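The structure appears below as structure tokens.
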Number of protein chains: 4
Amino acid sequence: MSDPASPRQRRKDARPSELLEAAMALFVEKGFAATKSEEVAARAGVSKGTLYLYFPSKEELLKAVIRDTLLADIARGAERLAQEDGPTGQLLVELMTDWWVNVYNSPSSAIFKLVMTEVRNFPDIGEFYLREVIEPGHRLIGGLVQRGIDRGEFRAVDIDGVVHSIVLPMVMLCLHKHSMGACGFSDSHMGNPSEFIRQHLDLILNGLRAPRSDGKPVL
Amino acid sequence: MSDPASPRQRRKDARPSELLEAAMALFVEKGFAATKSEEVAARAGVSKGTLYLYFPSKEELLKAVIRDTLLADIARGAERLAQEDGPTGQLLVELMTDWWVNVYNSPSSAIFKLVMTEVRNFPDIGEFYLREVIEPGHRLIGGLVQRGIDRGEFRAVDIDGVVHSIVLPMVMLCLHKHSMGACGFSDSHMGNPSEFIRQHLDLILNGLRAPRSDGKPVL
Amino acid sequence: MSDPASPRQRRKDARPSELLEAAMALFVEKGFAATKSEEVAARAGVSKGTLYLYFPSKEELLKAVIRDTLLADIARGAERLAQEDGPTGQLLVELMTDWWVNVYNSPSSAIFKLVMTEVRNFPDIGEFYLREVIEPGHRLIGGLVQRGIDRGEFRAVDIDGVVHSIVLPMVMLCLHKHSMGACGFSDSHMGNPSEFIRQHLDLILNGLRAPRSDGKPVL
Amino acid sequence: MSDPASPRQRRKDARPSELLEAAMALFVEKGFAATKSEEVAARAGVSKGTLYLYFPSKEELLKAVIRDTLLADIARGAERLAQEDGPTGQLLVELMTDWWVNVYNSPSSAIFKLVMTEVRNFPDIGEFYLREVIEPGHRLIGGLVQRGIDRGEFRAVDIDGVVHSIVLPMVMLCLHKHSMGACGFSDSHMGNPSEFIRQHLDLILNGLRAPRSDGKPVL
DNA sequence: GATGAATGAGACTTCATTCAT
DNA sequence: AATGAATGAAGTCTCATTCAT
């Protein structure tokens with residue numbers, strides 16, 4: 001009865017993702033509580049009522065935003081695991097710059113901020129995020145660091161700590177992008193994240209490098 | 001009745017800071033928009049009306065929270081500048097662990113989250129924060145790194161980038177503390193920040209160390 | 001395609017009454033204001049839009065429900081007037097139990113409740129109902145009572161009052177059926193209306209019986 | 001701190017009952033769903049917001065209306081039980097005319113309609129009403145009928161049936177008052193309820209009267 | 001004819017702010 | 001100074017009605 005390609009149908013199929021996109025932009029910009037559902041609808045080019053045809057409440061819309069946006073990048077991250085061999089440091093640099101610059105430029109970076117902002121009001125979100133994003137990502141990178149140590153490429157260090165040293169600045173860059181950065185407040189380097197990521201990894205890897213036999217202590 | 005030391009007077013003098021404290025806790029926890037002014041009053045043990053005796057609006061309360069809370073830690077940070085001599089690496093480690101652990105445990109860490117969360121709705125905040133907190137802090141650390149390079153203790157690196165590599169994880173720890181961390185979601189190391197800070201600085205300093213004469217490149 | 005007996009045609013002809021039936025059930029159950037037009041459509045097995053093909057608005061639907069449902073029972077009641085002769089009491093009992101038990105079990109009983117519920121919002125309904133239902137019914141029964149008096153079978157009583165004494169409990173039974181009764185709240189006798197009607201008429205007729213010559217007053 | 005007789009305090013104490021009264025009038029007139037909370041507030045002379053200071057939701061307001069309004073009349077009915085002796089018929093007439101005319105003229109009569117109208121949407125209401133109003137009332141009257149039978153004043157009849165024959169027309173009068181009656185549609189007797197009640201009881205009592213020894217059957 | 005996506009007026013409810021006490 | 005009752009603008013959500021398909 002409804003030609004699947006009718007303009008009506010096409011609109012309908014696109015609606016949810018149009019609404020999700022609009023909602024994400026606004027939730028990230030203004031916060032969940034400060035965003036009016038009518039604004040979301042307006043940004044998606046529909047009326048108030050239409051929003052509620054697709055999502056039963058503003059809160060469900062928030063959860064859908066988070067779930068849907070992450071799924072893509074979660075999947076992408078996992079693929080990288082199937083990386084071929086080579087010096088671990090190089091692999092790490094490639095993986096991180098490539099993957100992370102993607103994340104930074106993708107909607108996922110906005111989700112980082114959103115999760116940070118809203119966890120305390122919606123703890124489910126945090127639970128989901130930890131399980132689906134943080135832990136897999138941590139394991140992925142931690143595995144590489146471990147490999148470097150096993151192969152004698154890296155010093156024996158605390159894996160979890162190194163993973164944080166590597167990752168937290170990158171996460172922070174994402175948060176910055178959607179907070180201070182989005183207001184045009186940007187201290188120097190914040191403006192060129194991929195350059196910073198390269199430098200940062202260079203510094204970290206230098207720090208990880210296995211000491212020479214005669215190695216003097218750092219401090 | 002107006003003896004400045006009468007309990008009543010003391011109460012009255014304490015009001016603003018009690019209200020600020022209550023407001024900060026709630027703004028950080030739930031966000032500005034989701035916090036009701038009555039809640040703030042209740043948490044400070046006064047009535048709704050009293051809040052408006054001290055602050056003309058909820059928005060002014062927010063700004064006061066941010067201004068007032070930061071002033072203390074800004075001052076403290078500045079003092080460290082008057083640090084005496086010694087190997088730069090050691091100085092850096094001492095300065096950062098000491099100062100930062102303090103920040104992490106002080107209300108300032110909460111303000112980081114609050115600023116991040118609310119800049120886009122209240123850009124003045126961001127402007128103030130950048131000028132009073134970020135830039136001075138950045139200069140402080142950047143100065144130390146520069147000194148290390150000048151003295152031949154560190155490699156010649158991009159100063160701003162290193163400052164970010166050093167600082168961003170620490171900032172991120174603060175944000176975590178008041179978002180995921182406050183919900184009990186904590187991956188491994190997040191639980192012991194001062195230990196992480198020590199490890200992190202160790203790694204960075206190792207990476208900064210001036211290469212030996214025969215220095216092979218890291219990658 | 002327009003064969004009047006084609007299944008499609010039959011469907012179409014039945015639509016209005018299917019919709020009316022669905023509407024009545026829901027209006028009686030939940031009240032007019034609390035019933036959604038989509039529910040009516042769904043219960044009739046059609047879509048929202050179709051409802052508006054047959055009735056221009058929810059309010060017109062209500063009026064149609066009331067008009068249409070009553071016409072049948074109004075007609076039936078009138079037929080009884082053409083009753084043959086016999087003792088008036090017996091006639092009254094037969095007429096009332098037969099007719100009323102029918103009414104009680106027919107959709108008309110639901111309409112009683114609906115009219116009661118909605119008159120004040122839609123006074124036309126009340127006017128129609130009074131003219132077409134209440135007054136004819138009252139005259140029908142009043143005529144019988146009058147006949148009984150004329151023939152010396154009944155005491156000389158106030159006709160209108162007796163009609164009410166006879167009829168109101170029966171009306172009340174109808175209302176009960178669609179309010180408390182429909183919720184499973186039922187005091188004793190409410191459960192068996194035809195038995196009650198018999199007893200009630202017996203009591204009333206006993207009260208109407210012309211007194212003996214030596215008649216002592218009741219009180 | 002607040003003088004208990006201050007105008008402010010006095011208003012505050014009166015608010016709930018003013019709101020309840022306004023709500024009852026409107027709920028009875030238009031039905032619960034069709035009454036806007038703002039109308040209730042306006043009729044009570046306050047603003048929308050104030051209503052919600054005293055009742056957490058429109059639904060709770062409805063329940064409060066029913067509970068509160070009935071309590072008075074429930075209590076009054078119970079007192080009558082402590083009636084002194086005398087011929088049962090006379091007692092019944094006095095009790096019913098007195099009590100019922102009061103009920104008819106009190107807000108309770110409105111509640112009858114409200115309960116009837118809303119039970120199916122709010123079953124708790126029906127449960128409460130059955131337990132607190134219908135059953136006690138039924139027992140009260142049933143007890144009197146039983147006494148009449150025991151003393152040989154009345155025929156041996158089905159008690160519950162008689163109670164209904166007595167009471168249902170009176171209840172119906174109440175419903176009428178707030179439905180058709182309130183619209184000015186009134187068939188003859190409906191206009192003078194206390195006169196009708198007298199006549200009705202007279203008829204019923206005549207029907208209840210114990211038959212003479214030579215008693216011929218009614219039919 | 002039939003559908004159901006879309007609309008937007010309007011309902012319920014909240015909450016920042018005021019002000020009489 | 002302190003209170004908390006009152007307000008009403010504003011937000012979330014619903015639903016009668018329309019109209020493109």
Side-chain angles (χ1 to χ4, degrees), chain A residues 1-3 5-13 15 33-41 45-59 61, chain B residues 1-2 8-9 11-12 15 33-42 45-59 61, chain C residues 1-2 8-9 11-12 15 33-42 45-59 61, chain D residues 1-3 6-9 11-13 15 33-41 45-59 61:
Chain A
M1 178 146 293
S2 49
D3 174 359
S6 78
R8 191 74 169 264
Q9 190 59 38
R10 250 179 292 120
R11 293 283 348 242
K12 192 193 175 220
D13 293 345
R15 279 287 139 74
T35 299
K36 298 174 243 183
S37 28
E38 191 160 13
E39 286 178 300
V40 174
V46 298
S47 74
K48 226 179 343 172
T50 301
L51 173 59
Y52 287 89
L53 250 31
Y54 294 93
F55 301 93
S57 73
K58 204 181 146 191
E59 189 170 332
L61 178 60
Chain B
M1 177 157 286
S2 56
R8 173 125 184 211
Q9 188 61 37
R11 237 20 259 288
K12 192 196 141 196
R15 277 287 141 73
T35 298
K36 298 172 227 177
S37 32
E38 188 160 16
E39 284 178 301
V40 174
V46 299
S47 75
K48 230 179 334 179
T50 302
L51 174 60
Y52 283 86
L53 248 33
Y54 294 96
F55 301 94
S57 74
K58 203 180 149 192
E59 189 170 333
L61 178 58
Chain C
M1 177 157 285
S2 56
R8 172 126 183 210
Q9 188 61 36
R11 239 17 262 287
K12 192 197 141 195
R15 277 287 142 73
T35 298
K36 297 171 228 177
S37 32
E38 188 160 17
E39 285 178 300
V40 174
V46 300
S47 76
K48 229 178 336 177
T50 303
L51 174 60
Y52 283 86
L53 248 34
Y54 293 96
F55 302 93
S57 74
K58 203 180 149 193
E59 189 170 333
L61 178 59
Chain D
M1 176 143 297
S2 49
D3 174 359
S6 77
R8 190 74 169 265
Q9 190 59 37
R11 292 285 343 246
K12 192 196 173 216
D13 293 345
R15 279 286 138 74
T35 299
K36 299 174 241 183
S37 29
E38 191 160 13
E39 286 177 300
V40 173
V46 298
S47 75
K48 230 177 342 173
T50 302
L51 172 60
Y52 287 88
L53 250 32
Y54 294 93
F55 300 94
S57 73
K58 204 180 147 192
E59 189 170 333
L61 179 59

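Just so it is clear, the values below take in all heavy atoms, side chains as well, and ignore hydrogens, waters and symmetry mates. Because the structure is predicted, anything quoted here is derived from the model rather than measured. Every chain is numbered from 1 and lettered A, B, ... according to where its sequence line falls, protein lines coming before strand lines.
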What is the distance, rounded to the nearest whole Å, between atom [atom1] of [X] and atom [atom2] of [N]?
X: A/Phe55; N: F/dT12; atom1: CZ; atom2: P; value: 16 Å
X: D/Lys12; N: F/dT3; atom1: NZ; atom2: C1'; value: 12 Å
X: A/Glu59; N: F/dG11; atom1: CD; atom2: C1'; value: 15 Å
X: B/Glu38; N: E/dT17; atom1: CD; atom2: P; value: 13 Å
X: D/Glu39; N: E/dG10; atom1: CD; atom2: P; value: 13 Å
X: A/Leu53; N: F/dT12; atom1: CG; atom2: C1'; value: 16 Å
X: C/Tyr52; N: E/dT3; atom1: OH; atom2: P; value: 15 Å
X: C/Leu61; N: F/dA16; atom1: CG; atom2: P; value: 11 Å

Once you apply a heavy-atom cut-off of 4.0 Å, does [X] come out as touching a base, just sugar-phosphate, or nothing?
X: A/Ser37; result: sugar-phosphate
X: A/Lys48; result: base
X: C/Lys36; result: sugar-phosphate
X: D/Tyr54; result: sugar-phosphate

Inset, instruction - Identify, with sequence neighbours excluded, every residue that meets side chain to side chain contact (heavy atoms under 4.5 Å, CB included) alongside D/Thr35. - result: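 D/Thr35 satisfies side chain to side chain contact (heavy atoms under 4.5 Å, CB included) with D/Leu26, D/Phe27, D/Lys30, D/Glu39, D/Val40 once adjacent residues are dropped.
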Legend entry - Residues in side-chain hydrogen bond (donor to acceptor under 3.5 Å, both in side chains) contact with C/Glu38, at least two apart in sequence or another chain: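 Not a single residue meets the side-chain hydrogen bond (donor to acceptor under 3.5 Å, both in side chains) criterion with C/Glu38.
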Inset, instruction - Using five base pairs at each end, measure the axis-to-axis angle across the helix from E/dA2-F/dT21 to E/dT21-F/dA2 and round it to 10 degrees. - result: 0°
Legend entry - Minimum heavy-atom distance C/Ala41-C/Leu51, with the two atoms named: CB-CB, 4.5 Å
Inset, instruction - Measure across A/Ser57 and A/Tyr52 and return the closest heavy-atom pair with its distance rounded to 0.1 Å. - result: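 Heavy atoms of A/Ser57 and A/Tyr52 come nearest at CA-CE2, 4.0 Å.
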Inset, instruction - Between D/Gly49 and C/Gly49, name the one whose nearest nucleotide on DNA chain F is closer to the 5' end. - result: D/Gly49
Inset, instruction - Look at the side chain of B/Val46 and decide which nucleotide, out of E/dT17, E/dT7, F/dT3, has an atom nearest to it. - result: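 Closest of the options to the side chain of B/Val46: F/dT3.
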Legend entry - Nearest to side-chain heavy atoms of C/Thr50, which nucleotide of E/dT3, F/dA5, F/dT3: E/dT3
Inset, instruction - Would you give the length of the straight line joining atom NZ of C/Lys48 to atom OG1 of C/Thr50, rounded to the nearest 0.5 angstrom? - result: 11.0 Å
Legend entry - Atom pair NZ (A/Lys12) and OH (A/Tyr54), whose distance is rounded to the nearest 0.5 Å: 5.5 Å
Inset, instruction - Select from A/Leu51 and C/Ser47 the residue whose nearest nucleotide in DNA chain E is closer to the 5' end of that strand. - result: C/Ser47
